[in-house]
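Model, not experiment: these values are computed from the prediction.
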Amino acid sequence: MNDLTFENQSFLWGNEAGPIRILSEYLHPKSEFQSHGITDTIVVFGSARIPSPESPKQNPPSPIDSLSHYYAEACEFSRLISEWADTLKQVNPSRNLNICTGGGPGIMEAGNRGAKEAGSKSVALNIVLPHEQHVNPYVDPELAFEFHYFFMRKLWFMKTCRGMIAFPGGFGTFDELFETLTLVQTGKKTKIPILLYGTEFWTQVINFKKLAEMRLISEEDLQLFGFADTPVDALRFFQEKIRFELTHSEGTKT
């Protein structure tokens with residue numbers, strides 16, 4: 001017996017079915033978000049390579065071992081956010097604030113781990129890559145998604161995003177950070193609080209003030225983001241700046 005057309009793997013992975021695969025990567029997360037009450041997220045970006053403090057140190061020592069404190073701080077930040085989210089839910093039961101990560105190791109793992117330690121659910125938007133990455137063990141299975149298309153994964157990072165924090169990272173972190181800044185700068189995304197965690201790291205690797213001095217960005221663009229160096233300060237940043245009433249009344253552009 002021949003496969004049903006919508007079960008035919010040869011067809012579904014062919015060029016003609018590309019729009020079906022793309023639509024599936026939109027509709028499946030949407031359905032699960034609605035089913036599990038995911039209305040608002042704080043997205044945690046950062047390097048997949050930063051090890052946890054418990055990880056064995058490399059021999060010879062690697063410079064990245066010195067960044068392991070960011071893992072611990074990302075974990076603590078996510079725990080604090082998740083505990084704060086519980087108090088928000090008591091005020092407005094229809095809104096649920098959850099941590100969302102890329103689902104992989106490193107800082108992403110720390111984000112999901114902190115939420116789990118607080119007894120909260122968290123979202124993982126994983127991407128299937130040739131050499132990495134597997135979903136970390138702290139993710140809620142029903143909220144773990146595997147994406148083939150980067151652009152659909154990016155859409156879901158922003159769809160319910162009410163705030164974004166970027167820990168130190170490489171190309172992937174820079175990609176997500178600058179894309180988010182561009183969406184907010186151009187008005188394609190409703191303004192959200194954007195936080196760069198680790199002032200020394202970010203000011204060393206990117207000279208934002210120089211960009212403004214050379215008129216490559218405006219002075220006002222420097223107000224699109226802030227800096228923090230402790231989990232408590234990061235929590236306070238979002239407590240002060242998240243505007244749930246805007247997203248409730250107007251919707252959030254994506």
Closest contact, heavy atoms only, [X] versus [Y]:
X    : Y    : answer
G163 : C161 : O-SG, 3.2 Å
A144 : V139 : CB-CG1, 3.4 Å
S94  : T39  : O-CG2, 3.6 Å
S78  : V44  : OG-CG2, 4.1 Å
L97  : A85  : O-CB, 3.2 Å
I194 : F237 : O-CZ, 3.6 Å

So how far is it from [X] [atom1] to [Y] [atom2], rounded to the nearest 0.5 Å?
X    : Y    : atom1 : atom2 : value
I81  : I42  : CD1   : CD1   : 3.5 Å
H36  : D140 : NE2   : CG    : 9.0 Å
F238 : I192 : CZ    : CD1   : 8.0 Å
F145 : R153 : CZ    : CZ    : 13.0 Å
S68  : E73  : OG    : CD    : 9.5 Å
L88  : I242 : CG    : CD1   : 8.0 Å

Would you sort out whether S120 and I99 count as a side-chain contact (heavy atoms from CB on, under 4.5 Å), showing the intermediate values? CA-CA 9 Å; S120 299; I99 291 291; over 6 Å; no
I'd like to know if [X] and [Y] make a salt bridge, using a cut-off of under 4.0 Å between side-chain N and carboxylate O.
X    : Y    : answer
R21  : E25  : no
K89  : D86  : no
E213 : K209 : no

Which residues pass the side chain to side chain contact (heavy atoms under 4.5 Å, CB included) test with C100, sequence neighbours left out? T41, V43, V123, L125, F157
Does a side-chain heavy-atom distance below 4.5 Å link [X] with [Y]?
X    : Y    : result
I206 : F174 : yes
K159 : P29  : no
Y138 : T101 : no
K189 : T180 : no
F151 : I22  : yes
P105 : M108 : yes
L196 : L177 : yes
R95  : R162 : yes

Is the backbone N or O of [Y] less than 3.5 Å from a side-chain atom of [X], with the two atoms forming a donor-acceptor pair by type?
X    : Y    : answer
T203 : T199 : yes
K121 : L143 : no
S35  : S31  : no
Y197 : F227 : no

In the hydrophobic cluster built from side-chain contacts under 4.5 Å, what are the other members alongside I20? F11, L12
From CA spacing to verdict: side-chain contact (heavy atoms from CB on, under 4.5 Å), D175, K154: CA-CA 10 Å; D175 172 44; K154 289 172 180 288; 2.4 Å; yes
Identify whether [X] and [Y] are in the same connected component of the hydrophobic contact network (ILVMFWY, side-chain heavy atoms under 4.5 Å).
X    : Y    : value
L67  : V205 : yes
F147 : L129 : yes
L27  : F150 : yes

Are the aromatic rings of F201 and Y70 close, with centres under 6.0 Å apart? no
Using a cut-off of 6.0 Å, state whether more than 12 heavy atoms not belonging to F171 lie near its atom CZ. no
Does K57, at its NZ atom, have more than 12 non-hydrogen atoms belonging to other residues, nucleotides or ligands within less than 6.0 Å? yes
If we count only N and O atoms by modelled type, under 3.5 Å, do the side chains of S62 and D65 hold a donor and an acceptor together? no
Testing E76, E109, E54 one by one against Y71 for a side chain to side chain donor-acceptor pair (under 3.5 Å), which residue passes? E109
Walk me through whether W156 and H28 qualify under ring pair (Phe, Tyr, Trp, His ring centres under 6.0 Å). CA-CA 11 Å; W156 280 106; H28 178 230; 9.9 Å; no
